[in-house]
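These notes are about the structure you will find just below.
Along the sequence shown, the residues carry numbers beginning at 1. Side chains included, hydrogens not; waters and symmetry mates left out as well; all remaining heavy atoms used.
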Amino acid sequence: MYVVWIIVAAIVVAAIIFAAVKAKQRWLTVKSEGGTRAEQIDRLQAYLKAQDIKAKTVSVSGSVRQLKVLRKDEARARSLVESFNQEA
């Protein structure tokens with residue numbers, strides 16, 4: 001019986017690791033900014049969310065921020081980023 005519990009625990013741990021890796025692959029970086037332009041990422045995130053695009057910001061190193069969107073929204077997000085840049 002003890003062996004069965006070890007096998008079940010190993011399967012659960014493997015499933016959690018697989019889910020974590022799979023979740024990371026869902027998000028793609030569409031824009032990165034650093035320094036004084038990092039706040040533009042926050043405005044761009046709000047703009048994309050207003051357009052019903054799921055977006056999140058991630059701080060990479062120091063003042064560098066990345067804007068990430070779901071893989072399924074990448075094409076639409078990139079075109080919205082271009083229109084946002086033209087307006088700004």
Quiz item: If every non-hydrogen atom of Ser63 is compared with every non-hydrogen atom of Gly35, which pair is closest and at what distance?
Solution: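 Nearest pair, atom of Ser63 first, then Gly35: OG-N, 3.2 Å.
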Quiz prompt | Non-hydrogen atoms of Glu74 and Val69 that approach each other most closely | solution =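 Shortest heavy-atom contact: CA-CG2, 4.1 Å.
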Quiz item: For the atom pair OG1 (Thr57) and CG (Asp42), what is the distance rounded to the nearest 0.5 Å?
Solution: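 These two atoms lie 5.5 Å from each other.
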Exercise. Find the distance between CG (Leu70) and NZ (Lys56) and round it off to the nearest 0.5 Å.
Key: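 Interatomic distance, Leu70 CG to Lys56 NZ, rounded to 0.5 Å: 8.5 Å.
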Show every donor-acceptor pair shorter than 3.5 Å between a side-chain atom in residues 45-55 and any protein atom, with sequence neighbours excluded, or say none if there are none.
residue: Gln45; atom: NE2; partner: Ala55; partner atom: O; Å: 3.3
residue: Tyr47; atom: OH; partner: Ser83; partner atom: OG; Å: 3.4

Sequence neighbours excluded, every pair satisfying ring-ring contact (aromatic ring centres under 6.0 Å, His included) that has a member inside [range]:
range: residues 48-76; value: none
range: residues 58-79; value: none
range: residues 58-82; value: none

Quiz prompt | Under the salt bridge (charged side-chain N to carboxylate O under 4.0 Å, His left out) test, residues paired with Lys68 that sit two or more places apart | solution =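 For Lys68 there are no salt bridge (charged side-chain N to carboxylate O under 4.0 Å, His left out) partners, ignoring immediate neighbours.
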Self-check item: Pairing residues for Arg43 by the salt bridge (charged side-chain N to carboxylate O under 4.0 Å, His left out) criterion, not counting sequence neighbours
Solution: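 Applying salt bridge (charged side-chain N to carboxylate O under 4.0 Å, His left out) to Arg43 gives Glu39.
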Quiz prompt | Student check: side-chain heavy atoms of Gln66 and Leu28 closer than 4.5 Å | solution =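 Contact flag for Gln66/Leu28 side chains = no.
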Practice problem: Start with the C-alpha gap between Thr29 and Leu67, add the side-chain angles, then the distance that decides, and say whether side-chain contact (heavy atoms from CB on, under 4.5 Å) holds. | Solution: CA-CA 6 Å; Thr29 302; Leu67 178 67; over 6 Å; no
Practice problem: Check whether Trp5 and Val13 end up in the same hydrophobic cluster, where Ile, Leu, Val, Met, Phe, Trp and Tyr are linked by side-chain heavy atoms less than 4.5 Å apart. | Solution: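 No; tracing contacts between hydrophobic side chains, which count when under 4.5 Å, never links both residues.
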Quiz item: Taking only residues two or more places apart in sequence, or in another chain, which ones meet Arg37 in a side-chain hydrogen bond (donor to acceptor under 3.5 Å, both in side chains)?
Solution: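 Arg37: side-chain hydrogen bond (donor to acceptor under 3.5 Å, both in side chains) contacts with Glu33, Gln40.
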Self-check item: Residues clustered with Tyr2, ILVMFWY side-chain links under 4.5 angstrom
Solution: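 Members other than Tyr2 - counting any ILVMFWY side chain reachable under 4.5 Å - are Ile6.
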Exercise. Using the test side-chain contact (heavy atoms from CB on, under 4.5 Å), find all partners of Ser59 that sit at least two apart in sequence or belong to another chain.
Key: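 Ser59 satisfies side-chain contact (heavy atoms from CB on, under 4.5 Å) with Arg65 only.
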Self-check item: Which residues share a side-chain contact (heavy atoms from CB on, under 4.5 Å) with Ile16, sequence neighbours left out
Solution: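 Ile16: side-chain contact (heavy atoms from CB on, under 4.5 Å) contacts with Val12.
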